[in-house]
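Okay, so here's the structure we're looking at.
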Amino acid sequence: MKRNSNQLVRLDDSALAGESEAISPASAKPLFGLDTVSLAARMIEMGEPAWRGPQLAEAIYRQRLPELSEFTTLSKSLRQKLAVEGWQVGRPRIAQVFRSVDGTERYLVECQDGVTVETVWMPDGDDGEAGDGSEVDDADGELKERAGKSWRRATICVSSQVGCAVNCQFCLTAKLGLQRNLTAGEIAGQVVAVLDRHGVEVGRDRVNLVFMGMGEPFLNYDNFMAAVTLLVREVELSPQRMTVSTSGIVPGIERFAQEPADLRPKLAISLNAPDDRVRDELMPINRKWRIEAVIDAVRGVKLRPRERITFEYVLLGGVTDQPEHALEVARLVRRTGLPAKVNLIAWNPGPGIAYTTPRPEAVEAFRATLVDQGIPAYLRRPRGRDIYAACGQLKRTVEE
Ligand code: SAH
Ligand code: SF4
């Protein structure tokens, strides 16, 4: 384990030169976020032929061009016409980069109105576990050395809201409260900005998305699913390489269960407690939707072959990391009757939160108990904690 892997290095602003778009007036109209059909409709409104729609979509989502001036498939006069009418690409921009020594990068991504959210890039999974907790399938795993790429797969952790209203007691994002929902373009834009930064070749490179950054995706359901739709249909990423994590918003899970298989990401439930009593304390949302109600809703999801539901479980020292808790979790998971696995996450400390990180022996014993009980259980390595910068830590580091 690399102890120093969380050490962050702030890059010079010059390292970002060339990838930033001039900050635009909030009144400007972003093209980013519109799908091919909507782009075509806008073009027709402007007296242009409908085929301009697919042409714009190609430039925005496949070529990932961040500025209209780079759209060389469009005539100069059309680019000018778009600009005069207030259109711009309007993709969120990477405003700051923090790089961990192990290659993980955390970004502050700035939206057009100046608010920032966090997005994380994690090259490679670790031994036996990809960033989203799925097992490594190395069929196509030869190291990508092409064009200077040193990673063979990567995971991008994406935010769905600015802050969060759910108020889980162990989470840093909760401290921010909910500032606002992100639009579909702002959610998908984080991904495209990061793909662009790393020269990812969609369809060739193995990239997983996890909607586990700031916010509760199922409390911003329409924008979240519209973003997934853009990422699948326009950017051409596979929903089977996407995982959305929810604290257990039952109406959201019920809607999610109705999504078509060619759009639906995989599902992770933040269980975090062995029973309703403990969960009520840690996650006040549990008083509204009990564990049983969450599981009932999850049962409505028609899993694809070999797909499993992930239960995430944050281990809080002395609070949720005891051997009897592991037995309860195993019982609970078995009772669901669903193909499932458990992702264990050692709690990541933060200012103003009075929990303790579990002892490594307790973590390992917890995992071993689950496995012993027949429940596949994986542990996020310490570096995985970097993700939980997405739960507010990075923002605090910057602001304090
Ligand atoms: N709001 C969604 C997704 C974002 S949180 C949800 O709660 O599922 C992503 C994961 O981070 C959740 O499983 C959450 O339980 C976990 N988490 C939150 N704060 C954490 C912390 N301080 N340390 C470790 N994991 C944390
Ligand atoms: Fe929101 Fe998830 Fe944090 Fe809970 S754990 S406060 S749902 S971001």
Side-chain angles (χ1 to χ4, degrees), residues 6 117-120 122 131-133 155-179 181-182 187 190 209-221 224 242-250 252-253 256 265-273 278-289 291 294 298 309-317 319-321 329 341-358 363 378-397:
N6 285 336
V117 290
E118 295 172 10
T119 312
V120 183
M122 292 165 289
D132 66 348
T155 301
I156 302 173
C157 181
V158 187
S159 292
S160 56
Q161 297 181 307
V162 187
C164 186
V166 178
N167 201 20
C168 303
Q169 299 299 295
F170 48 81
C171 174
L172 292 159
T173 303
K175 302 262 173 202
L176 300 173
L178 176 63
Q179 294 177 11
N181 278 333
L182 291 177
I187 298 171
Q190 296 166 59
L209 302 187
V210 293
F211 296 94
M212 297 184 183
M214 298 167 79
E216 169 48 63
F218 285 1
L219 289 180
N220 185 19
Y221 192 90
F224 160 70
M242 302 178 190
T243 303
V244 59
S245 174
T246 178
S247 55
I249 309 298
V250 166
I253 301 171
F256 185 74
K266 295 186 287 182
L267 182 61
I269 302 289
S270 293
L271 179 62
N272 296 339
V278 178
R279 202 167 188 268
D280 279 352
E281 307 244 306
L282 301 178
M283 303 175 71
I285 195 85
N286 196 64
R287 294 179 206 147
K288 187 154 190 183
W289 292 297
I291 296 175
V294 172
V298 172
I309 298 290
T310 300
F311 289 100
E312 292 160 285
Y313 191 94
V314 177
L315 291 156
L316 304 171
V319 179
T320 59
D321 67 342
V329 170
K341 66 177 167 162
V342 175
N343 273 359
L344 298 170
I345 314 160
W347 180 67
N348 193 36
I353 309 188
Y355 291 109
T356 53
T357 303
V363 173
Y378 303 89
L379 176 64
R380 291 254 173 86
R381 58 181 160 162
R383 178 193 130 166
R385 281 186 194 169
D386 282 10
I387 308 172
Y388 299 105
C391 289
Q393 188 187 33
L394 174 61
K395 210 155 188 184
R396 306 224 152 244
T397 315

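One-based numbering, in listed order, for ligands and for the atoms of each. Nothing fancy with the numbering, it's 1 onward along the sequence.
The distance from the CD1 atom of Ile249 to the CD1 atom of Ile269 is 10.0 Å, given to the nearest 0.5 Å.
Put simply, part of Gly215 is less than 4.0 Å from ligand 1, judged by heavy atoms. Heavy-atom separations between Gly213 and ligand 1 include at least one value shorter than 4.0 Å.
The proximity of Thr246 to ligand 1, defined as any non-hydrogen pair under 4.0 Å, is limited to the backbone. Contacts between Val314 and ligand 1 below 4.0 angstrom, taking non-hydrogen atoms only, involve the side chain exclusively. When non-hydrogen atoms are compared, ligand 1 lies under 4.0 Å from the backbone of Glu216 as well as from its side chain.
For atom 1 (Fe) of ligand 2, the N/O/S atoms of Cys168 include none lying under 2.8 Å. Residue contacts to atom 3 (Fe) of ligand 2: Cys164 brings no N, O or S atom closer than 2.8 Å.
Every atom of ligand 1 is numbered from 1 in the order shown, and the set under 4.0 Å from a heavy atom of Cys171 is 18 (C), 19 (N). Heavy-atom proximity to Asn167, at under 4.0 Å, picks out these atoms of ligand 2: 6 (S). In summary, the atoms of ligand 1 found under 4.0 Å from a heavy atom of Asn272, numbered by their order in the structure, are 15 (O). Those atoms of ligand 1 that come under 4.0 Å of a heavy atom in Ile345, given as number and element, are 24 (C), 25 (N). Of all atoms in ligand 2, listed by their number and element, those nearer than 4.0 Å to a heavy atom of Ala174 are 6 (S). In summary, the atoms of ligand 2 found under 4.0 Å from a heavy atom of Val166, numbered by their order in the structure, are 1 (Fe), 7 (S). Within ligand 2, counting atoms from 1 as listed, the ones closer than 4.0 Å to a heavy atom of Ser247 are 7 (S).
Contact check for Met212 versus Val120: no side-chain heavy atoms found under the 4.5 Å cut-off. Residues Phe256 and Pro265 form a side-chain contact, since some pair of their non-hydrogen atoms from C-beta on lies under 4.5 Å apart. Here the side chains of Trp347 and Thr320 are not in contact, with every heavy-atom distance at 4.5 Å or above. Side-chain contact between Val294 and Val250 is present, with heavy atoms from C-beta onward closer than 4.5 Å.
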| task | In sequence, state the C-alpha distance, the side-chain angles, and the governing distance for Ser160 and Glu216, and then conclude on side chain to side chain donor-acceptor pair (under 3.5 Å). | result | CA-CA 7 Å; Ser160 56; Glu216 169 48 63; over 6 Å; no
| message | Let's go through Lys175 and Ile353 carefully: what are the C-alpha distance in whole Å and the side-chain angles of both, what is the deciding distance for side-chain contact (heavy atoms from CB on, under 4.5 Å) to 0.1 Å, and is it a yes or a no? | response | CA-CA 9 Å; Lys175 302 262 173 202; Ile353 309 188; 3.6 Å; yes
| request: Check step by step if side-chain contact (heavy atoms from CB on, under 4.5 Å) holds for Asn343 and Arg380. | output: CA-CA 7 Å; Asn343 273 359; Arg380 291 254 173 86; 3.7 Å; yes
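Taking all heavy atoms of Cys171, Ser245, Gly177 into account, the minimum distance to atom 5 (S) of ligand 2 is reached by Cys171.
Across every non-hydrogen atom of Leu172 and Gly350, the tightest pair is CD2-CA, 3.5 Å.
In this pair, Tyr221 and Phe224 present their aromatic rings perpendicular. The plane angle is above 60°, beyond the 30 to 60° band.
The shortest N/O to N/O separation between Ala346 and ligand 1 does not fall below 3.5 Å.
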